[in-house]
Amino acid sequence: MSAIGQRAGWALGPVHPAVFERRMTDALVAGLTALVPAGLALAITVGFPTIGLPVALGIIVGAVGLFALVLCSRLELSVTMILVYLLLIDGPVKMLTSQREETRLLADVVIIAVCAGAAMRIIVRRERVVLPPLSGWVIAWVALVVVNAFNPKTQGVLAILGGFSQQLQFVPFFFFGFALMRSKRRFRQLFIIAGVAATASGLVAAYQTTLTPDQLASWGPGYQLLIHPEKGTGRVYFSEGEARVRPPGLGTEAGSSGGLGHVALPMCLALVAIARGRKKWIAALLALGSMMAVVVGLGRLQLIGAALGVVAFTGLAALAGRHFSRTMGALLTIVVLAIPAGALVISSLHSGTFKRYESINGSSQTTLHKENAYSKVPGYVAASPLGYGLGNSGAVSNLGGSKNTDLLEGHGLTSETEYNVLVKELGAPGLILWPLIAIYVSLLIVRRIRSIRDPELAVCLAGALASFLPLIIEGSSGFISGSLAGGAYYWFAVGVAAYWLVGRKGEVPSRVEVPSTVRGGPDASAAAA
């Protein structure tokens with residue numbers, strides 16, 4: 001023990017070296033936590049004397065939060081904070097400010113902070129790193145994106161950063177899913193978080209449908225741009241000769257609540273199936289909230305995706321066999337409760353709110369528009385097999401002021417579907433790899449879920465993975481990997497499948513071997529809790 005440690009032991013009694021080291025670490029963290037806000041406050045005051053107090057406070061709080069995420073030793077807690085931010089805070093932050101490109105990077109910074117903290121703890125503790133199963137697919141995807149940074153058609157550093165952000169932002173969720181989802185307790189926690197977030201976004205979206213486009217546009221610069229964009233048509237539709245809002249909920253795009261709800265719905269149905277007593281009714285309310293989020297989001301793609309997710313959940317539960325009666329009971333319960341709840345929602349909204357759904361058929365103008373979009377993919381591939389460079393589509397297409405309107409013979413390329421974006425940014429290799437991963441993991445889910453030995457675990461896996469199966473179909477109708485519901489969930493589901501269907505292969509171990517960076521949670525020692 002050092003001289004300081006010996007003096008501390010003399011003053012406070014005998015102190016074990018490990019205890020003393022922990023106390024000194026806690027004191028250092030406490031000191032840094034106090035100094036960081038003070039240092040930031042001084043730097044902001046000196047460097048930006050005209051900045052407003054709310055903005056300065058927001059910067060300080062955000063910096064302290066990031067610092068805490070890096071230092072947090074419980075991965076399950078820091079990932080939960082990521083989900084809370086992405087699901088409930090990130091959208092309003094972007095929409096209430098005029099700096100959408102800059103605020104978009106906040107989500108990247110939050111995710112990087114958690115990853116950096118986990119990596120630092122692994123290095124300090126000298127833990128042996130073993131890559132999870134299916135990591136080869138992830139490495140191949142990352143390598144493909146990185147290689148495209150050297151594509152001659154990639155337009156500068158900002159385009160590279162934008163492309164990395166769009167294509168790699170949610171890849172860490174593969175490792176989060178593998179490292180964290182190791183017990184039924186964790187599945188329940190995930191289902192509750194998803195159900196609460198979907199319900200909250202659905203309630204906000206329901207209120208937004210009662211507003212006129214101009215009323216919603218007055219909420220902030222982001223809403224103004226959504227309703228009245230510089231080019232193209234705003235996120236409105238017409239019913240009974242009146243312009244109606246396509247609500248973003250707590251997201252940044254029209255139908256965002258539906259995207260979240262369609263992922264959360266199978267999870268909440270699984271929660272209803274495994275819950276008991278009063279908890280079953282809470283789970284039923286969350287399932288109804290997720291259903292409402294889909295319906296009031298007024299997105300055709302999200303509505304069809306939710307229906308496919310419920311069908312996939314029922315099919316996976318049937319493949320698992322055991323507890324299938326519980327699954328059917330959960331579905332019947334939600335159907336019975338949805339009838340009066342749906343009538344209440346419809347009666348509380350303006351007449352004609354659901355006019356958009358009347359055009360869900362194979363001959364609608366929207367369907368033909370989507371078909372025309374992805375029918376152009378072969379021509380794009382023929383013109384440039386290796387793509388048109390990173391950062392030319394989606395939310396990052398305007399990063400740095402570049403409009404990317406002259407990619408092919410002086411014309412812009414559509415980004416209407418997932419496959420259009422893949423061929424634009426990553427060329428034929430991306431167009432092959434993304435759906436190939438989805439197909440491989442989907443087949444893995446269907447083939448191996450029947451080998452799950454624990455009935456409740458099988459239902460949990462069915463709920464967690466059901467929305468993954470339709471993603472390859474949904475990709476033909478929209479750009480989904482750039483959203484939280486499509487991008488983060490895509491990689492998260494692959495991580496969950498890697499642990500339970502490849503690593504454990506359906507076993508319910510008596511003790512889960514959780515890395516020390518994850519330890520500290522209430523279920524870190526028992527998978528069947």
Side-chain angles (χ1 to χ4, degrees), residues 76 80 83-84 87-88 181 183-207 249-250 257-297 302-303 305-307 309-318 320 322-349 454-467 485 489 521-523 528-529:
E76 73 276 13
T80 299
L83 289 177
V84 170
L87 296 174
L88 301 176
M181 304 309 297
S183 72
K184 290 181 286 185
R185 182 187 182 95
R186 288 275 168 81
F187 280 109
R188 293 189 190 100
Q189 292 170 345
L190 171 66
F191 297 166
I192 291 172
I193 292 173
V196 170
T199 301
S201 188
L203 290 173
V204 174
Y207 174 72
L250 292 175
S257 68
L260 177 57
H262 105 275
V263 171
L265 182 55
M267 296 182 179
C268 293
L269 291 176
L271 192 61
V272 174
I274 64 176
R276 294 178 177 85
R278 295 179 180 177
K279 294 180 180 179
K280 185 179 288 290
W281 294 107
I282 297 175
L285 289 176
L286 294 179
L288 291 174
S290 301
M291 190 180 300
M292 178 189 66
V294 173
V295 174
V296 300
Q302 291 78 18
L303 184 65
V310 172
V311 172
F313 170 68
T314 306
L316 291 176
R322 299 174 293 272
H323 275 255
F324 181 63
S325 58
R326 281 194 183 183
T327 304
M328 294 307 299
L331 287 174
L332 291 175
T333 299
I334 298 305
V335 169
V336 170
L337 293 176
I339 295 174
L344 180 62
V345 170
I346 292 174
S347 64
S348 63
L349 301 179
D454 185 284
E456 285 195 354
L457 177 61
V459 174
C460 289
L461 285 171
L465 301 176
S467 295
Y489 174 73
D523 58 343

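Note that the coordinates shown come from a computational prediction; the quantities given were computed from them, not determined experimentally.
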How far does [atom1] of [X] sit from [atom2] of [Y], to the nearest 0.5 angstrom?
X: Leu288; Y: Leu265; atom1: CG; atom2: CG; answer: 9.0 Å
X: Met267; Y: Ser467; atom1: CE; atom2: OG; answer: 6.5 Å
X: Leu461; Y: Glu456; atom1: CG; atom2: CD; answer: 12.0 Å
X: Ile282; Y: Leu271; atom1: CD1; atom2: CG; answer: 9.0 Å
X: Thr80; Y: Leu190; atom1: OG1; atom2: CG; answer: 9.0 Å
X: Glu76; Y: Met181; atom1: CD; atom2: CE; answer: 11.5 Å

Over all heavy atoms of both residues, which pair between [X] and [Y] is shortest? Give the atoms and the distance, please.
X: Val294; Y: Gly261; result: CG2-C, 3.4 Å
X: Leu88; Y: Ala200; result: CD2-CB, 4.2 Å
X: Thr199; Y: Leu286; result: OG1-O, 3.8 Å
X: Gly195; Y: Ala264; result: N-CB, 4.3 Å
X: Pro266; Y: Val263; result: CD-O, 3.5 Å
X: Val296; Y: Gly202; result: CG2-O, 3.6 Å

Could you go step by step and tell me if Lys184 and Asp454 meet the side chain to side chain contact (heavy atoms under 4.5 Å, CB included) rule? CA-CA 10 Å; Lys184 290 181 286 185; Asp454 185 284; 3.3 Å; yes

With sequence neighbours left out, the residues meeting side chain to side chain contact (heavy atoms under 4.5 Å, CB included) with Ser201 are Leu250, Ser257, Leu260

side-chain hydrogen bond (donor to acceptor under 3.5 Å, both in side chains) pairs touching residues 260-271, sequence neighbours excluded, are His262-Glu474

